[in-house]
Amino acid sequence: MATIVVVDDDQLVCEHLQERLGSDQDLRCVGIAHDSDAARAVVRQERPDLIMLDIVGFSSPIDLAAELVRLSPRSRVVIC
């Protein structure tokens, strides 16, 4: 089962994705984050297989993606 963290500044988007991902037996959403600090914390704690990162709402999304991968080197980032 693949684990996923959703990072999006829109709370409703995060909740919707968490719900949709939860309905798939091969995926498990282990956390959501609405800002960079929360993203760092949840990725550091959960070490997910995949990080879904929305580029809108973050000042430097590419830098954030790189930092999240440094925190969890086995994680892969999908930038939306």
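Note: hydrogens, waters and symmetry copies are ignored here, and every other heavy atom, side chains too, is used. Counting from 1, the numbers follow the sequence of the chain as shown. Please read all numbers here as calculations on a predicted model, not as lab measurements.
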Chemist: To the nearest 0.5 Å, what is the distance between CD (E15) and SG (C29)?
Modeler: 11.0 Å

Chemist: Can you see which heavy atom on A38 is nearest to which on A33, and at what distance?
Modeler: C-CB, 3.6 Å

Chemist: Measure the spacing between OG of S72 and CD of E46 and express it to the nearest 0.5 Å.
Modeler: 10.0 Å

Chemist: Nearest heavy-atom pair of D8 and C14: which atoms, and what distance?
Modeler: O-SG, 3.3 Å

Chemist: What heavy-atom pair brings L64 and F58 nearest, and what distance separates the two atoms?
Modeler: CD2-CD2, 3.9 Å

Chemist: Compare all side-chain heavy atoms of I51 with those of V43 and state whether any distance is below 4.5 angstrom.
Modeler: yes

Chemist: Rounded to the nearest 0.5 Å, how far apart are CG of D54 and CG of D10?
Modeler: 8.5 Å

Chemist: Test question: given the 4.5 Å side-chain rule for I, L, V, M, F, W and Y, name all other residues clustered with I4, or answer none.
Modeler: V6, V13, L17, L21, L27, I32, L50, M52, V78

Chemist: Not counting sequence neighbours, which residues clear salt bridge (charged side-chain N to carboxylate O under 4.0 Å, His left out) with D49? List them please.
Modeler: R74

Chemist: Is there a continuous path of hydrophobic side-chain contacts, each under 4.5 Å between heavy atoms, that joins V42 to M1?
Modeler: no

Chemist: side-chain hydrogen bond (donor to acceptor under 3.5 Å, both in side chains): which pairs involve residues 26-39, sequence neighbours left out?
Modeler: D37-R40

Chemist: Please say whether more than 12 non-hydrogen atoms of neighbouring residues, nucleotides or ligands are located less than 6.0 Å from CD1 in I55.
Modeler: no

Chemist: Show the nearest heavy-atom pair for residues I79 and A65, with the distance to one decimal.
Modeler: CD1-CB, 4.2 Å

